[in-house]
Structures are given as C-alpha cells and as structure tokens.
Protein chains: 2
Amino acid sequence: MHTHEHQFDLEKKIAEFETRCRQKGLRITPQRVAVYKALVGTDTHPTAEEVHKMVRQDIHSISLDTVNRTLLTLAEIGAAFQVEGTGQPRRYDGGLENHQHFRCISCGQIVDFHYDPYENLHNPGQVLENCTILRKTVYLEGLCGECSDTPA
Amino acid sequence: MHTHEHQFDLEKKIAEFETRCRQKGLRITPQRVAVYKALVGTDTHPTAEEVHKMVRQDIHSISLDTVNRTLLTLAEIGAAFQVEGTGQPRRYDGGLENHQHFRCISCGQIVDFHYDPYENLHNPGQVLENCTILRKTVYLEGLCGECSDTPA
DNA sequence: TTACTAAATAGTATCTACTCCTATTTATGA
DNA sequence: TCATAAATAGGAGTAGATACTATTTAGTAA
Ligand SMILES: [Mn+2]
Ligand SMILES: [Mn+2]
Ligand SMILES: [Zn+2]
Ligand SMILES: [Zn+2]
C-alpha cells in the first residue's frame, strides 16, 4: 500500500471519529483529534505517557492528564480500547478490526495477530444464564521470538 | 459435599503447597501458609488488601507488604495466579482447576465458569511462528444478573 | 461577527496500589 | 544448640491514575 493511500485511510478514520464525537455530543478539540490520530497511527499499543510524548510534537502544551482523560473517552465511545492483561501502565489500542493479542511475559511486548477460530466463539450456556455477554476475548502469553532465543 | 470433606481437601492442598515450597527451596512460614489458605478458601478473587484482612484474623501482625510479596510468590511457583483484565487493584485466584472468568463491567465482580470448548483452543499457525505460547486465556465481559436488572 | 455558555484543558495536588529499604526475627540444616 | 540465609514488619518511596480549579475554547445562536 502506498503512502498516499495510508494518508487517505487516516483522514477517513479521523472524519469518522469526528462524526462519532458529534453523535455523542463531544466537542472536537485539537487535543482530542491529536490523541486519536497518534493512537490509530501506531500498532505498538502505547501507554498514556507514550501517547503524550507523540502528541507533544504537534501540541506542545498538552498535559498528561488530558491524554489520560482522552484515552478513557476514546474507550468509552468505542473509538479505542484498553489492551487486556498488561497490568500497569495501561496500554491502548486504536485498531478496531478484529484481532487478538500475544504478550511476551519476558519483554512485555504485545503482538497483534488474527486467527479466525478465535472470532465468534460460542457463548457458554446455562452457567452464565443471567449474564449479558458483551465481549469475548482470547489472549495468549508466552515468549516472543527474540526472548525465546535469549533464555535468561 | 460435607464439611469434613472440605476440610480434608484443604489440608491436602496445604500439604501439596508445602511440598511445592520445599521443592522450590522456599521456607514454610506461618504467613505464607496463611495467605495460601485464605486464597484457596475463597472464590471471590480477592485483592491483596482483602487477603490481608482475612489473614489478620489469624496472624494479627502480618504486613500488607508480606501479603503482596507472598501473592507474587504463589503466582511464580504456580500455586495461584493473577486474574486477567481487572486493572488495579490486582485480583488473585487460588483455583487451579481449569476454568474461565466472566467480569461484570458495572459492579466489577468476577464469576467463575467452565465451558469445555474454551479449553484446548488450537494454537494459531504462521502468524506467531517464532513465539512460544505458554498460556491461552478466554475471558468474557458484560453485565451480571443483578446489573442487567438494574440499568443505570 | 460577536457574544454566550457549557465543555474541555493545563497545571497541580492528591490518591492508590504497590515496591523498596532496613533492622529484626525466624526457618532450616549442621 | 547454633549459625546463617531467608523472610518479615513497618515505614518510606514511587508510578500511574484521578481529582481539583482557574482559564481557555468549541459550538451555537443572536
Ligand atoms: Mn492490537
Ligand atoms: Mn477463578
Ligand atoms: Zn519478548
Ligand atoms: Zn454486576
């Protein structure tokens, strides 16, 4: 894929994001857009502090608190989500296409992957009868390539 | 199951735990045993502070730091584990039989369940070729019975 | 354009859940 | 019984998240 197509994708996503904000009655601020842009532009599952660092290149005065608040807001409106199972600090993901995560227990890196059988898992029956299931997550842990090669 | 059978189970588990400690070269201290006992005796997935509260009934002077350290140790030697996806504070689980977790996003409670298809998921193929997969987790989120009835 | 108002932000203070430090105690093996 | 390394208690320190408040600003309507 060429750069100008990437560019187009990004602009499309931002346009959709702004529409979503309007629908939810949220104002479109430069800070909000910049945080969103930083998050969708990476696949590293950054922390709030990492996002802060990125966004500061554009908006020099943005505060860490705003980044934290904004990331929570993105998760609330479904424009992003927190990555499961990483403890502190929280890591965020702006990739909304269906995928799963592998986390290296040695270096902590999170690898995206997609494995079809992990989508559309059946709901368990009786056991959780009264519960409304909103999300099913599969995640894997282990040693990444580099860390397998370099046993501690 | 009757009380004396429960009792027997617990004593058996503690004996196994002590054996495991010896194998790992860990000393068997009253604090360690008490923390383990408290954890295996509940299905509430308690926090360190909750465990601390429980254990204090037996060992009045035990410190929160010791509880935290001990819970980490239990996880390290495989006598317990941290519950995935709950953020802070961490929640611990002493139930080692295969099971999965449902977490209510409203009240935060964690419900144990077991659904056979969630065991023995296949490993994804090429995508994670270089990685050593040590653990596969399925976890569900949604609204528990009580919280479904009481929409905010 | 201008003016208004509620929402959002920056900067800082506070809080929570650990994690580290050190003197003291204790489990274990000789 | 004794020696010694491991573990603990209690408190200090830390990271990350959250709350607070004065100021700024996006959105709307005159
Ligand atoms: Mn991802
Ligand atoms: Mn459990
Ligand atoms: Zn690694
Ligand atoms: Zn609930």
Side-chain angles (χ1 to χ4, degrees), chain A residues 14-15 17-38 45-53 55-77 79-83 85-92 108, chain B residues 14 17-38 45-77 79-83 85-92 108:
Chain A
I14 289 174
F17 170 65
E18 295 187 355
T19 301
R20 191 186 291 238
C21 284
R22 281 194 204 90
Q23 284 168 352
K24 300 272 180 174
L26 296 176
R27 292 183 178 177
I28 295 157
T29 65
Q31 290 89 341
R32 217 162 245 171
V33 175
V35 167
Y36 178 75
K37 201 166 155 185
H45 309 90
T47 65
E49 200 158 318
E50 285 163 354
V51 173
H52 188 221
K53 208 166 284 177
V55 172
R56 283 234 255 193
Q57 311 215 337
D58 287 324
I59 304 181
H60 192 266
S61 68
I62 191 171
S63 72
L64 179 56
D65 180 57
T66 294
V67 174
N68 264 304
R69 253 185 304 103
T70 303
L71 289 170
L72 286 179
T73 304
L74 296 189
E76 271 168 26
I77 67 173
F81 55 89
Q82 296 178 11
V83 180
T86 63
Q88 293 255 75
R90 299 203 275 248
R91 296 186 162 276
Y92 289 88
Chain B
I14 290 175
F17 170 65
E18 295 189 355
T19 301
R20 192 186 289 238
C21 284
R22 280 193 204 93
Q23 283 167 353
K24 300 273 179 174
L26 296 176
R27 293 182 177 177
I28 294 158
T29 66
Q31 290 89 341
R32 218 161 243 171
V33 175
V35 168
Y36 178 74
K37 203 165 154 185
H45 309 90
T47 64
E49 200 156 319
E50 286 162 352
V51 173
H52 188 221
K53 208 166 284 178
M54 296 186 235
V55 172
R56 281 236 255 193
Q57 312 215 336
D58 287 324
I59 302 182
H60 191 268
S61 68
I62 191 171
S63 72
L64 180 57
D65 180 56
T66 294
V67 173
N68 264 304
R69 252 184 305 104
T70 303
L71 289 169
L72 287 179
T73 304
L74 297 189
E76 271 168 27
I77 67 173
F81 55 89
Q82 296 178 11
V83 180
T86 63
Q88 295 256 72
R90 300 203 275 247
R91 297 187 161 274
Y92 288 89

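Throughout, protein chains are lettered first and strands after them, A, B, ... in sequence-line order, and every chain is numbered starting at 1. Values below: every heavy atom of this structure, side chains too, minus hydrogens, waters and symmetry copies.
We find that CG of A/L72 is positioned 12 Å from P of C/dT9, with the value rounded to whole Å. We find that NE2 of A/H60 is positioned 12 Å from P of C/dA10, with the value rounded to whole Å. Summarising the geometry, the separation between CG on B/D65 and C1' on C/dT25 is reported as 15 Å, rounded to the nearest angstrom. Going from atom CZ of B/R69 over to atom P of D/dG10 covers 12 Å, rounded to whole Å. Rounded to an integer number of Å, the gap from A/Q31 CD to D/dT23 P is 18 Å. Put simply, CD1 on B/I62 is 17 Å from P on C/dT25, counting in whole angstrom units.
In terms of modelled atom types and a separation under 3.5 Å, the side chain of A/E50 and the main chain of A/T47 share a donor-acceptor contact. No donor-acceptor distance shorter than 3.5 angstrom exists from the side chain of A/E18 to the backbone of A/A15, with no hydrogens or angles considered. Side chain of B/R32 to main chain of B/R27: a donor-acceptor pair is present (N/O by atom type, distance under 3.5 Å, no hydrogens or angles). Under a 3.5 Å cut-off, the side chain of A/R91 and the backbone N or O of A/H45 do form a donor-acceptor pair.
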Would you list the atom pairs, donor with acceptor, under 3.5 Å between side chains in residues 63-73 of chain A and any protein atom, with sequence neighbours excluded?
unit_1 : atom_1 : unit_2 : atom_2 : d
A/S63  : OG     : A/T66  : N      : 3.2
A/S63  : OG     : A/T66  : OG1    : 3.0
A/D65  : OD2    : A/R69  : NE     : 3.3
A/T66  : OG1    : A/R69  : NH2    : 2.9
A/T70  : OG1    : A/T66  : O      : 2.6
A/T73  : OG1    : A/R69  : O      : 2.9

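Taking only side-chain atoms of B/R32, from C-beta outward, the nucleotide of C/dA10, D/dT8, D/dA9 with the closest atom is D/dT8.
Within the 4.5 Å cutoff, no side-chain heavy atoms of A/P89 are placed close to those of A/E49. Looking at heavy atoms from C-beta onward, B/I77 lies in side-chain contact with B/F17 at the 4.5 angstrom threshold.
In terms of heavy-atom proximity, B/A38 sits nearest to B/V55 at CB-CG2, 3.8 Å.
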Detail all sub-3.5 Å separations between protein N/O atoms and N/O atoms belonging to nucleotides 16-18 of chain C.
unit_1 : atom_1 : unit_2 : atom_2 : d
C/dA17 : O3'    : B/Q88  : OE1    : 3.1
C/dC18 : OP1    : B/Q88  : OE1    : 3.2
C/dC18 : OP1    : B/R90  : NE     : 3.4
C/dC18 : OP2    : B/R90  : N      : 3.3

Dump the pairs, protein N or O against N or O of nucleotides 28-30 of chain C, anything under 3.5 Å, distances to one decimal.
unit_1 : atom_1 : unit_2 : atom_2 : d
C/dT28 : OP1    : B/I28  : N      : 3.0

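No engagement by B/I59 is indicated, since no non-hydrogen atom pair under 4.0 Å with the nucleic acid exists.
Taking only side-chain nitrogens and oxygens, A/S63 comes nearer than 4.0 Å to OP1 or OP2 of C/dA10.
For the atom pair NE2 (B/H52) and CD1 (B/I59), the distance works out to 10.0 Å, reported to the nearest 0.5 Å.
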